[in-house]
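Structure first, then comments.
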There are 2 protein chains.
Amino acid sequence: MHFKVRAGTKEDCKEISRMILELAVYEKMPDQVKISHEELERDGFCQNPFFECLVAEVPEENKSKDGFTVVGYTLYFYTYSTWKGPTVFLEDLYVMPEFRGNGFGKGLLCKVAKVGKEKQCVRLQLSVLDWNTPSRDFYAAKGAQDLTDSEGWHCIRFDGQNLDNLANEAPKD
Amino acid sequence: MHFKVRAGTKEDCKEISRMILELAVYEKMPDQVKISHEELERDGFCQNPFFECLVAEVPEENKSKDGFTVVGYTLYFYTYSTWKGPTVFLEDLYVMPEFRGNGFGKGLLCKVAKVGKEKQCVRLQLSVLDWNTPSRDFYAAKGAQDLTDSEGWHCIRFDGQNLDNLANEAPKD
């Protein structure tokens with residue numbers, strides 16, 4: 001099926017927002033989504049954006065059964081390894097179910113790798129849920145290493161009151 | 001013991017580079033460090049820096065046995081959750097062994113939380129090795145959640161030839 005991978009624009013944020021929710025439903029945590037398309041517009045399309053994004057788009061004649069032509073997206077940003085240097089981090093990669101199996105996911109992933117390499121990134125990283133076998137297999141087939149399995153890295157988070165408590169105990173300047 | 005937490009400068013990069021290697025030795029992967037202090041200077045102190053950093057400094061009279069006054073550092077950057085919004089990611093947090101147990105680590109961590117909150121971050125995230133019990137306990141005692149244990153998140157990486165292969169297969173613009 002013909003499709004195009006292109007940079008996401010402010011005008012795509014409503015479509016991206018719709019797919020962020022679809023992805024969270026797939027990841028079994030839909031009630032976790034608190035970000036609106038207005039916030040995506042603000043955070044991604046400002047002076048120092050927090051992220052960049054790409055969308056996968058099909059021609060009008062191949063639109064989804066609900067009438068969408070933007071049928072996949074990826075959202076990423078730049079991080080830094082003090083061992084290796086600049087890294088591109090893939091926060092989300094999503095293709096609507098009815099369009100899977102046509103190379104859309106691979107197209108989005110490869111494009112992020114290309115953009116990252118152009119920014120001198122030496123790594124592409126991401127997180128995946130342990131039960132999400134289709135995604136784990138997708139990445140493994142392309143040569144990804146699972147660092148949690150191979151080296152024992154765990155993901156740790158502070159939020160809510162725990163984050164506030166830390167901030168309140170910061171040493172004075 | 002008296003100490004100060006302050007923003008890291010370009011002039012601190014040699015000291016930070018020394019401690020990056022000390023931390024990698026502690027993490028049992030010293031041969032993984034490929035970043036020089038010149039690269040830190042370039043990547044952290046340019047127009048769009050890849051990271052920010054803080055250092056913990058003691059007065060001259062409390063210098064380390066090898067004569068160092070910059071005895072801890074943290075390096076962090078901003079990421080983005082499509083569920084919650086801006087996040088501050090703690091890449092490294094390190095205090096030289098002879099200065100541990102004096103609140104230096106907590107001071108650095110809390111200051112990053114405060115800086116992150118000022119940037120509207122709603123989360124502070126990091127990665128830790130499963131066998132690194134002192135660090136896991138340190139974060140857990142302050143309310144951190146282990147997302148690998150609780151939700152099953154795994155860290156995934158592409159690098160080297162695998163990353164090149166992805167980039168080479170990117171769809172044309």
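Lettering of chains follows the sequences in order, A, B, ..., and the numbering in each one begins at 1. Bear in mind the structure is a predicted one, so any value in this text is a computation, not a measurement. Keep in mind that the numbers below use all heavy atoms, side chains included, and drop hydrogens, waters and symmetry copies.
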[X] portion near chain A, given a 4.5 angstrom heavy-atom threshold:
X	result
B/N48	side chain
B/S81	both
B/V128	both
B/L75	side chain
B/K106	side chain
B/F77	side chain

Nearest 0.5 angstrom please: [X] [atom1] to [Y] [atom2], how far?
X	Y	atom1	atom2	value
B/I35	A/T82	CD1	OG1	8.5 Å
A/L163	B/R123	CG	CZ	11.0 Å
B/Y76	A/T79	OH	OG1	15.5 Å
B/H154	A/Q145	NE2	CD	14.0 Å
B/F158	A/C121	CZ	SG	14.5 Å
B/Y80	A/E39	OH	CD	6.5 Å

Please output the residues of [range] in contact with chain A, using a heavy-atom cutoff of under 4.5 Å, in numerical order.
range	result
residues 88-98 of chain B	B/E91, B/D92
residues 109-119 of chain B	B/L109, B/C110, B/K111, B/A113, B/K114, B/K117, B/K119
residues 14-25 of chain B	B/I20, B/A24

Most chain A-contacting option - heavy-atom pairs closer than 4.5 Å, from [options]:
options	value
B/P86, B/G85, B/S150	B/P86
B/D146, B/V33, B/T87	B/D146
B/Q120, B/K84, B/K34, B/E169	B/K84
B/N168, B/L126, B/D159, B/D149	B/L126
B/D130, B/V5, B/I156, B/T148	B/I156
B/Y139, B/W131, B/Y78, B/F3	B/Y139

(message) Could you go through B/W83 and A/E27, starting from their C-alpha distance and side-chain angles, then the distance that decides it, and tell me whether this counts as side chain to side chain contact (heavy atoms under 4.5 Å, CB included)?
(response) CA-CA 12 Å; B/W83 297 355; A/E27 288 179 327; 3.1 Å; yes
(request) Start with the C-alpha gap between B/K142 and A/L166, add the side-chain angles, then the distance that decides, and say whether side chain to side chain contact (heavy atoms under 4.5 Å, CB included) holds. (result) CA-CA 8 Å; B/K142 289 165 181 58; A/L166 290 184; 4.1 Å; yes
(request) For A/S127 and B/C155, indicate whether the former's side chain and the latter's backbone hold a donor-acceptor pair under 3.5 Å. (result)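 Answer holds: no.
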Among [options], which residue has the highest count of heavy-atom pairs closer than 4.5 Å to chain B?
options	value
A/G143, A/A140, A/G160	A/G143
A/L40, A/L124, A/N132	A/L124
A/Q161, A/K4, A/M29, A/K172	A/M29

(message) According to salt bridge (charged side-chain N to carboxylate O under 4.0 Å, His left out), who are the partners of B/R6, at least two apart in sequence or on a separate chain?
(response)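 By the salt bridge (charged side-chain N to carboxylate O under 4.0 Å, His left out) rule, B/R6 matches B/D12, B/E57.
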(request) Treating Ile, Leu, Val, Met, Phe, Trp and Tyr as nodes and any side-chain heavy-atom pair under 4.5 angstrom as an edge, say whether A/V122 and A/L147 lie in one connected cluster. (result)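 No; tracing contacts between hydrophobic side chains, which count when under 4.5 Å, never links both residues.
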